[in-house]
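In what follows, a single structure is set out as C-alpha cells and then discussed.
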Amino acid sequence: MNGHLTNGVVNGTSYERVQIINDEKQFMPELTPEMERWGLHNAGFDYNIVAVFGSQSTGKSTLLNRLFGTNFDVMDESRRQQTTKGIWVCRAKGMNTMVMDVEGTDGRERGEDQDFERKSALFSLASSEVLLVNLWEHQVGLYQGANMGLLKTVFEVNLGLFGKKTADGRNQRTLLLFVIRDHIGTTPLANLQATLTADMLKIWDALSKPPELQDRQLSDYFDLSFAALPHKILVPDKFEAEVHELRKRFSDKSREDYVFKPTYHKRIPADGVAFYMEGIWEQVQSNKDLDLPTQQELLAQFRCDEISTAALTEFAEQAKPQKKPIESGKVVDGLGSMMRAWRSGAIARYDRDASRYHQGVYKRKRADLVGVLDSTLSSLFLGQLKNLHKACLVQFKTAMLEGMRGEGYSFAEIVSATQERCEKRFLEGAQEALVEGTEWSYDEELELLREEVRHVADQCRKDETKKMVNLIERNFKKQISEPVEVSLNKPESDMWDTVLKVFRGTLDKAEASYLVKAKSFNCTDEENETSLASLRRRAWLALRSKVDEQTTDAAFLTKLRAYFEERFRYDEHGVPRVWRPADDIDGLFKNARDQTLELIPIYSKIQPIDPALDFTLPSEEADSLSETDYFDFPATRIIFTETKILDLMSRFRREADAYYVEAKRSTVSSVAQIPYWIYGLMVVLGWNEAMAVLFNPLYFTMLLVLAGAAYVIVQLGMVGPLFQVARTVGNEIKRQATERLREHFSQPLPQPVRAQPMKGDEVERELREVKAEPM
C-alpha cells in the first residue's frame, strides 16, 4: 500500500485517501494532486487538519470514519492485528477538513522499535490543529498504557523544534482532545478529566526545556478538551448518538465548544500544506533526540545505575554519623580525611564493577556519581567551615576580653596577635576539610571571618574608648567640682573667667590623657577626632551640670541672701551692725540690694570678660559616646532666661524687704527704753519687802537654799535638761487635761491657729507701719 490511492464511498460521497508517510518512514508526493481532486487546493486558509493518536487496535480508524465520514481501513476484530501502517490522510465528509490516521503505538509488529512511533506522533502534533488522543477508560491513570511516556518525549522535542513564536509574535497552539472510549459511567467524566489534566501538567513540569523557554507553561502551547464515548459493541445506539454529538463540535461553528478555532490554525495556505508537512517530516527525521539507545547501551545504563546506587548507599552509611555533629554546630576533627576516604572508596567500587560496560554510558554515569558524591560532601564541607568560623570567632572574642583585663595593655598588639591565631586555626581546619578533585573554596568564608573579626575588634575598641572617656569624664567632674563651687560662691564680675580658666586647664589635661591611651588602641585620626569632640561636649555638659547644681532656686537665693547680708548687716570690717536711730538704714539697704541684684545678670549666662577665655563647641546630633540628645551649645550657655531673671529678682526683693523691716524694728526697740529714775523708785518702794525677807530666818533660809540649788544646777550644766524636763511635764499635763476635757464635753477642742510666715504684702504693710512710727 506504499503511496497508492484507495477509493472509498461514504453516504454517496467519494473521497480518496492517500498515504503521505509509508511504513519505511518516507514522505510520499501524492498529497498535492489529491488535494486538487478534493477541491481544497485553492481553499486558502479555509481548511482544517485533525489527526488521531493512540495505541494500536483501540479503534482509531473506526472513530475517524464515524466522525468525519472517511474510509480508513479498520481492524478485523477476530484477528487483532495492525491495520494502519504509516500515516494516511483523507478529506472529511461535508467539511473542508483533512483527517490524518496515524499508525498506532505499542504494536507487536514493530516491537521494541519505537522510533517511528515517536516521529509519527511528533509529526501529527506539529502539523495538525486538533489532535485526537484515543484511549480506553481503563487506561486513564496509567503511564505507559495511556502513552504518557511517549507524549513526554514528543512534547520535549516539539518544544525545542517548534516552541518559538511565529512571525506575528504568537505561539503555535494545538488542541488536545482526549476521547475516552468504552466509558461505562462508573467514574464521572469530571474525575477522568482531572486525572488526565494532572498527568499532563506533571509531564510538562518534568520536561527538559530550553533555557529561553524555562518559564513556559502547558497552557502556552496546548489546550485540553475531553469527550467520552460508550461501548461500541455493548451499547451501539448510545455510541452512535454520542459520536454524532461529538461530530457537531467539528462542524457546527455556532457551538461554544467548536474545536477549529482560529488560534489553532497554522496559517499555511492550502496549496502549500504538502510542502509544509514535508518540511516538518524532514526536521523530525533529522532530530537525534528521538533516536532510541541500543540494547548494549540499555544494559550499560541499567547495570551502571545499579552499581552507582550500591556505591551511594555504602557512601551514605559512612557519612551519616557525621551529619548530626555538623548540624549541631560542632567542628569534627579529621573530617577532610574521612570525606576523601568515602569519596575515593565509592568511586573505586564503581570503577571496578562498571568499567566493563559501554564506555560512553560508564563515563556519563561516573560523572553523575561524582556529582552526587561531591554534592553530599559539599554540604558537610560548608557546615564544617561554618562551625569552624563560629568557633574561631568565639575564641577571638574570649581572647580579646582576657587580654583587656590587665593594666597597661596595648590594644593594637592584642588585636593583631589574637587575629593571627584565629585565622591560623581557621586555615588549618579549612585546608584539612578540602577534598582533591573538587572545586571547593574557603576564600569566601575566610573573608567573612576577617570581616566579622574586624567588626568585633572595632566594637571592642569602641567599648574601651567609651569606658576610657567615661573614666576621664568622672575624673574631670571631680577636678572641677570644688574650684567651680568656690568661684560661684564668691561672685565677682570676672567670675566666669575664673571658672573657664579652670575648665580649660582641666580639659587640656583630659584630652592629653585620652591621646596617650588612644595610641595603644590603634585608633584612626577620624576616630580620635570624634572621641575628642565627644569628650569636649561631655566635659562642657559636666560643667553645666555643676553650674546647674549651684544655681538651683534655693541655692542661688541663698547665695544672694548671703551676699546681701554681708553688705547690709556687716560693716566694712566684718563686724555685725547694731542699728541705731541715727544709722542710714535706707541708704545701706538700697546699696546692698542694688549690688546684689547686679549679680543676677552675671549668673544668667556663661560669658567671660576676656575673649581669649571664651569657649565654643559645634552644635550637632548625639553620638554613641555622648549618648545625649541634640547638642545646642548656645543654649547651654544660658543659665537663666529673661523670665527666670525677673522671677528671681522679685523673690529676692521680698526677702530683702524682710531684712529691712527687721532692721527698722530693732531701732524702735532701742528707743523705747525704761527711764533710769524708775529703777530708783522701785528700790524705795520695795525696801520694806526686801528687809522682811533678809531679817526673817525662814524666808532667808529658803532664799539661800534656792540660791544654792541654782548655783549647783548652773555649775553642773543642767539648766537645759531641767527646762526640757519641765517643758515635757508641762506638755504631758496639758495633753492629759485636754483629753479629760474632750471626754467630758464630747466636743473637740478648737485647734490653735498656727502662726503663718509673713507674705510679701504683709511685709510691705509692716514696712509702712514701721516707717509711720515716730523715731
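All values below come from the heavy atoms of this structure, side chains included, with hydrogens, waters and symmetry mates left out.
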Donor-acceptor pair, Thr636 side chain versus Phe633 backbone, under 3.5 Å? yes
Given 3.5 Å as the limit, does a donor-acceptor pair link the side chain of Ser545 with the main chain of Leu541, or not? no
Are any of the side-chain nitrogens in Arg561 or Glu565 under 4.0 Å away from the carboxylate oxygens of its partner? no
Go through it in stages, so that I can follow the logic: the residues are Lys330 and Asn387, the test is side-chain hydrogen bond (donor to acceptor under 3.5 Å, both in side chains), and I'd like the CA-CA distance, side-chain angles, deciding distance and then a yes or no. CA-CA 6 Å; Lys330 296 181 181 179; Asn387 298 339; over 6 Å; no
Carefully, step by step, assess Glu485 and Lys559 under the rule salt bridge (charged side-chain N to carboxylate O under 4.0 Å, His left out). CA-CA 11 Å; Glu485 186 174 348; Lys559 288 180 173 62; over 6 Å; no
Ala554 backbone acceptor or donor facing Thr558 side chain under 3.5 Å: yes
Check this for me: does any side-chain nitrogen of one of Arg735 and Glu732 sit under 4.0 Å from a carboxylate oxygen of the other? yes
Is the shortest side-chain heavy-atom distance between Lys424 and Glu420 below 4.5 Å? no
Spell out, as yes or no, whether a donor-acceptor pair under 3.5 Å connects the side chain of Ser481 to the backbone of Lys478. no
Quick check: closest heavy atoms across Ile472 and Ser513, and the distance to 0.1 Å? CD1-OG, 4.2 Å
Would Tyr442 and Gln431 count as a side chain to side chain contact (heavy atoms under 4.5 Å, CB included) here? Give the steps. CA-CA 8 Å; Tyr442 54 80; Gln431 291 172 357; 3.2 Å; yes
Indicate yes or no for a side-chain donor-acceptor contact from Arg593 to the backbone of Arg653 under 3.5 Å, with no hydrogens or angles considered. no
Could you check whether any side-chain heavy atom of Asn731 comes within less than 4.5 Å of a side-chain heavy atom of Arg727, counting everything from C-beta outward? yes
Test applied, side-chain contact (heavy atoms from CB on, under 4.5 Å); reference residue, Ile600; option that passes from Thr596, Leu597, Ile602: Leu597
Matching residue for Val453 among Asp458, Leu393, Leu448 - test: side-chain contact (heavy atoms from CB on, under 4.5 Å): Leu393
Give a yes-or-no answer on whether the side chains of Thr551 and Tyr603 include a donor-acceptor pair shorter than 3.5 Å. no
Quick one: closest heavy-atom pair of Val578 and Asp583, and the distance? O-OD2, 3.5 Å
Ion pair check, Asp610 and Lys501, cut-off under 4.0 Å: no
Beyond-backbone contact of Trp540 with Leu507, side-chain heavy atoms, under 4.5 angstrom: no
Which atom names give the shortest non-hydrogen contact between Leu385 and Ala430, and what distance separates them? CD2-CB, 3.6 Å
Side chains of Leu382 and Glu445: does their closest heavy-atom pair fall under 4.5 Å? no
Could you walk me through whether Phe568 and Trp579 pass the ring pair (Phe, Tyr, Trp, His ring centres under 6.0 Å) check? CA-CA 11 Å; Phe568 181 62; Trp579 299 109; 5.1 Å; yes
Are the side chains of Leu599 and Phe556 in contact, using a 4.5 Å heavy-atom criterion? no
Report yes if some heavy atom in the side chain of Glu451 is under 4.5 Å from a heavy atom in the side chain of Arg454; otherwise report no. yes
Side-chain (Ser534) to main-chain (Thr530) donor-acceptor, under 3.5 angstrom: no
Does Trp496 reach the main-chain N or O of Lys605 with its side chain, forming a donor-acceptor pair under 3.5 Å? yes
Look at the aromatic rings of Phe589 and Phe564 and report parallel, tilted or perpendicular, splitting at 30° and 60°. perpendicular
Smallest heavy-atom separation, Ala399 atom then Arg421 atom, equals CB-NH2, 4.0 Å
Check each of Arg536, Arg504, Arg538 against Glu511 using the salt bridge (charged side-chain N to carboxylate O under 4.0 Å, His left out) test, and report the only one that passes. Arg536
For Val575 versus Asp571, what's the shortest heavy-atom pair and its separation? N-OD1, 2.7 Å
Side-chain contact test, heavy atoms from C-beta onward, threshold under 4.5 Å: evaluate it for Leu532 versus Leu515 and give yes or no. yes
Heavy-atom closest pair (Met495 atom, Pro491 atom, distance to 0.1 Å) is SD-CA, 4.1 Å
side-chain hydrogen bond (donor to acceptor under 3.5 Å, both in side chains) partner of Asp548, chosen from Lys546, Arg544, Gln550: Arg544
Tyr563 ring centre to Arg567 NZ or CZ under 6.0 Å, with the angle to the axis within 45°? yes
Is there side-chain contact between Ile639 and Gln607, with at least one heavy-atom pair below 4.5 Å? no
